[in-house]
Each structure stands twice: as C-alpha cells, then as structure tokens.
2 protein chains.
Amino acid sequence: MGSSTEHVLAVVRRQILAGDRSPGDKISEVGVAADLDVSRTPARTALAALEAEGLIEKRDGRGFTIKSISVADVEKAIQVRAVLEGLAARTLAENGMSPETETLLRGSIAMSQEILETEAPEIDYIGRYQEANRVFHETIMQRCGNELVGHAFERIALLPMTALGTLAFDQTTLERQRMRLTVGHSQHVIIMDALLKRDGQRAERMMIEHSNATLNYGQLFVENGDGVACRAQDPAKPCRRGGHGHGAALD
Amino acid sequence: MGSSTEHVLAVVRRQILAGDRSPGDKISEVGVAADLDVSRTPARTALAALEAEGLIEKRDGRGFTIKSISVADVEKAIQVRAVLEGLAARTLAENGMSPETETLLRGSIAMSQEILETEAPEIDYIGRYQEANRVFHETIMQRCGNELVGHAFERIALLPMTALGTLAFDQTTLERQRMRLTVGHSQHVIIMDALLKRDGQRAERMMIEHSNATLNYGQLFVENGDGVACRAQDPAKPCRRGGHGHGAALD
DNA sequence: AATCCGCATTTCGGATACAAAGTTAAGCGA
DNA sequence: TCGCTTAACTTTGTATCCGAAATGCGGATT
C-alpha cells in the first residue's frame, strides 16, 4: 500500500536529485502540499524525513532550503563512507560470510568481470557495472553482522553520494572509464580474497582504499586541471548538480 | 522556548534511558499523548525522532516497542563510534586545530589531570571526570572539520552509548576505576600530542584504540567471569538497563 | 528624508476530526 | 470442543482548522 507520505517523499527526493529543484531553493509545507495535491500533514512528514537524509536544511522561521553541496562535502562524505565500509569489511571478514552472502558477492564479481571482458561493450555497460558495484558494496554493508554500520550510512550523505555518481564519470573518455572500472574490479577481487581468508585488517585497509579511490582515481584521470582546482578547500563554492544525468558536475 | 514536540521528545527519551519504560514495552502515539497531555501530532513527531535515534522500533501494526539492547549491540555501537572518532581525530590532525579547539582540549586534559592527581578524591570525582571526558571527545568530533562525522554519530546508538556509561563503571572497586581513568587520561594525552604534531595516522590509531578500550578495559578489570560470559555472541540475550543508576548492568 | 512602529501576509506547529486497515477476542455454530 | 465468523477496539494515515511567531512592507512621525 503506497501511503501518501511515501509518495511525497519519493517524488520530492527524485525532484531534488534530478535537479528539478536547485540548491538554495525554498521548500515549504504548503508548497509541496499544493504541488502534489495532498494535505500539509504528509508534506510535513516527508520534509522532516528529507531533512534527516540531509537533502534539505531547515531555516529558522522560513521553511526549508535545498542544501547546497560543494566538492568538499563530497570528499567528507566519501571519507565517512570509507571508514564505515572498512569497518563492515573487517567485521565480515572476522565473523565469516554466510553462504548466501558469498553467493551475492561472487555473483557481483562475476558480472563485473563479464562486463569488463566484453570487447565491444554495449553503450549501457557502465550502468550495468554500477549495478554490480552497488550489489558488492551493499552486500558487505548490510550483511557484515553490524547493522548499525548500514544504519549510520543510510542516514548520511544521500546527496553527496548521488552527486558522486554523476561526478566520477564526467570528462573522461570511454577508455579511461574502462580503466577506472578495471581497477575497481581488481580491488573487489582483492577484498573478496581477504574476506574469504578471514583477514580482517587486510579487508579493512583495501576497502578504505577502494572507497576513497572513488574520488581520487577520478582526479587522476581527469585531463585538465579543473578537478584539482575544484578540490581546493573552498567550502563556499557550490558544486551544482547537473540537471540531466551527466551534467556539468565538477565544473 | 520549548516547543511541545521537543518537550515530549525529551521526556520520553529520559523515561527510556532511565528505565521507566522497559525494553519490549509497547509505546503508542495515543499513549504518550495521553500521558503528557498533548495532541497526537507532537507525539507522532517525537516517536518518529525516537525511532531515528534508535531508541524505539516500529512494529508493523502494533505500535512501537522499546528496543531491547544486548551486549553485542553495545559492542557494535562502540566499533562504529571508534572508526568515526578515529576519522575525526585524523581529520583534525591533518587540518590542524583552531586556537579555540586547542583551548578546549587542553582544558579537558588539565581538568582530568587535576582530578586524578587529587589524593583523597571527593565522591563525585567520577562524574567530573566523565564531564571532562565528554568535552574531549565531543570537541574532536564536532570541530574536526567534517561535520558529517558528528552527524552520523548523533543519529546512531544513543541507547547503546548510554548503556555503556552505566556498564563500564559497575562491579569495580574505586581503585580499579581510578586505574581505568588514569589509562584513559594517558591516551588523551597521547592523542593530543599526535594532534599537535599533525600526525593523522597516529591520532587515528590511538583514538580507535581508546574508543574500543571503553569496553575492553572494563572487561579486563572485572573480577568475576560474568563479563566474559555475557560477551559471548548471543544477540538474543537482552542486557537490561538498570532502573536506578548503577543497577544490574552486565549481568 | 530617514527611522521607527504597526499591520498584514506567510508559514509553521499543534489539535481535532475522520476514515481505513488490521488485530484480537468473543460468541456462535457445527 | 474446536473452528469460523464477526464485531469492536486499537492503530495509523490524512485532512482541515486555529493559534502563534516572524518577516516584510507601508505609513507616520521626527
């Protein structure tokens, strides 16, 4: 049963993530209530949830605003994710995997490998790889035996993480993207090996490196200097999210 | 001006943490609304917040229940806290402290040292040490330059952390408590040294050790074997929170 | 002309009302 | 006695209404 609150939450979240609502824009209960033709009550609930997710922030007396996000924010989110995923990997290695977990991880790796081994990849191979990648990380997070890790991660940095998805694949040639993916895949294999050997420290170290790599390797492969310039500690400089998927992120 | 929602939130949270509401108890909108003589609206908001804090959990059609907490849960929470605090310490070391931050940390250390150097301590010296300890950790968390760390921590494990407070100081003699505190203080000093020398890795390693120590050292100093027995991986076994301060935690 | 005071509009938080869905329990019938 | 059905109560989700607080604007006064 799709409740009205969930509907509002999903729609507004998609609007924000898609860029239909720009950073800095005001959002109010009455606004979304009128927009989606619902009462103010579910609108209020949804806005509260959005604030908990970090997508919007509350101004004192004047509604909510779409949170502006800077490259520095993305870096911070990645660092938090890295240590949390590292803990998840270590915990999973120390506790051992269940057969189902092992099946899921092996499946993800097999799919990634198949995609990367294809000589003439279809145009959507990046999307398929991202799916396999998501399975790998989500499986480790959610089945590591410490549900608080996943719980902490869910509540944090939904927006920076999404921005990251559009960020990493911009301004690179297809060949470079393929290289990036290959490197990432190799790290998955190494992490899997550490998990199977119950080597918690190695699993943790590699996972942290792998998670941080999402941004670092992207910078390594960016041809011009924009990435580095954008990396400079300038929290005030907003990194606008592209409104159409692969937009002008990391400008 | 305390809004009604905040009031309900504070009262119910205190009730749960104080043990006035036992784990497994049902809690509903109408119940707290009638209890505190407010409408269902703030009661619902408060309950949603409590769920986000992890103090209660929602059952399908049967209201909320106070979350049972096991020693395993406390361990999980501590591990998450450890990596988050480790990240905070590393970040702070790498970015450098502001003068105000340094003042706060030095103040905390000075206060701890003064307390520990007192030969005949007053009876409340543990409370005062805990305050200094709180300042130390909170300062690093909140002023490390990555607000997402603190944000992640706030949302997680309020209950396990409070349980920890009552847990660590039970069933130990005054002399052993003093030893524990001295060890913790020495670690604070070492972390402070690493921070000043901008040694991020050392700061992170020591902070992780220090955070994990909260439980480990407590076990080391427990005389009888109950602590170890309780540590066994038995998530089903609830660790009831004592209703009167230093109750029968870690039974 | 500038500043201050006051009113109106906007917006949020809380309360009550209403409707739907699910669970439990009790009663009835086989 | 057991099972099924129904009815009532609990719980939840949504809508509408009202009050309070804040901001912005406009007018009046110095």
Side-chain angles (χ1 to χ4, degrees), chain A residues 1-16 20-68 151 154-155 158-159, chain B residues 1-16 20-68 151 154-155 158-159:
Chain A
M1 149 192 72
S3 72
S4 187
T5 294
E6 294 171 19
H7 177 243
V8 174
L9 182 58
V11 168
V12 177
R13 178 161 45 199
R14 184 153 34 83
Q15 286 177 345
I16 296 176
D20 293 349
R21 297 178 184 267
S22 304
D25 278 3
K26 319 285 185 197
I27 290 196
S28 67
E29 287 180 20
V30 286
V32 294
D35 248 7
L36 302 184
D37 202 41
V38 291
S39 167
R40 278 180 49 208
T41 310
R44 182 189 308 185
T45 309
L47 254 50
L50 257 351
E51 192 202 9
E53 291 178 359
L55 289 178
I56 61 179
E57 64 185 346
K58 187 179 187 115
R59 314 268 303 197
D60 45 292
R62 192 73 171 204
F64 295 84
T65 61
I66 310 293
K67 218 180 208 175
S68 293
H151 195 242
E154 277 172 19
R155 301 255 164 206
L158 184 71
L159 195 142
Chain B
M1 161 196 46
S3 73
S4 191
T5 294
E6 294 171 19
H7 177 242
V8 174
L9 183 59
V11 169
V12 178
R13 179 160 44 200
R14 183 154 36 82
Q15 286 177 345
I16 295 176
D20 294 347
R21 297 178 185 267
S22 304
D25 277 4
K26 320 288 182 199
I27 189 171
S28 68
E29 288 180 20
V30 286
V32 295
D35 247 7
L36 302 183
D37 201 44
V38 292
S39 164
R40 275 180 51 207
T41 311
R44 167 181 306 209
T45 309
L47 255 50
L50 256 351
E51 192 200 9
E53 290 178 0
L55 290 179
I56 61 180
E57 65 184 347
K58 186 178 189 124
R59 295 186 66 131
D60 179 41
R62 188 76 171 213
F64 294 85
T65 61
I66 311 294
K67 218 181 209 173
S68 292
H151 196 242
E154 278 173 19
R155 302 253 165 207
L158 184 71
L159 196 144

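Chain naming here is simple, since letters A, B, ... match the order of the sequence lines and numbering starts at 1 in each. The shown structure was predicted, so the numbers you read here are calculated from the model rather than taken from an experiment.
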Query raised in the report: Taking CD from Glu6(A) and C1' from dT14(D), how many angstroms apart are they, rounded to a whole number?
Result: 14 Å
Query raised in the report: Side-chain N or O of Thr5(A) less than 4.0 angstrom from OP1 or OP2 on dT14(D)?
Result: yes
Query raised in the report: Between Ala46(A) and Val8(A), what is the shortest heavy-atom contact and its length?
Result: CB-CG1, 3.6 Å
Query raised in the report: Should Arg21(A) and Asp35(A) be marked as a salt bridge (Lys or Arg N to Asp or Glu O under 4.0 Å) after you check the CA-CA gap, both sets of side-chain angles, and the distance that decides it?
Result: CA-CA 13 Å; Arg21(A) 297 178 184 267; Asp35(A) 248 7; 3.3 Å; yes
Query raised in the report: For DNA chain C, which residues in residues 45-52 of chain B have a heavy atom at a distance below 4.0 Å?
Result: none
Query raised in the report: At their closest point, which heavy atom of Lys67(B) faces which heavy atom of Pro23(B), and how far apart are they?
Result: O-CB, 3.9 Å
Would you tabulate the nitrogen or oxygen pairs shorter than 3.5 Å linking the protein to nucleotides 7-12 of chain D?
residue : atom : partner  : partner atom : Å
dT12(D) : OP1  : Gly63(B) : N            : 3.3

**Report entry** Heavy-atom pair of closest approach, residues Ile56(A) and Leu47(A)
**Finding:** CD1-O, 3.4 Å
**Report entry** Phosphate contact (dG14(C) OP1 or OP2) by Ser39(B) side-chain N/O below 4.0 Å
**Finding:** no
Query raised in the report: Salt bridge or not for Glu29(A) and Arg44(A), using N-O below 4.0 Å?
Result: yes
Query raised in the report: Looking only at heavy atoms, which two atoms of Glu57(B) and Glu51(B) are closest? And how far apart?
Result: CA-CG, 4.5 Å
Report summary line: Partner of Val32(A) under side-chain contact (heavy atoms from CB on, under 4.5 Å), picked from Val11(A), Leu50(A), Val38(A), Ile27(A), is Ile27(A)
Query raised in the report: CG of Leu9(B) to CG of Leu36(B): how many Å apart, nearest 0.5 Å?
Result: 11.0 Å
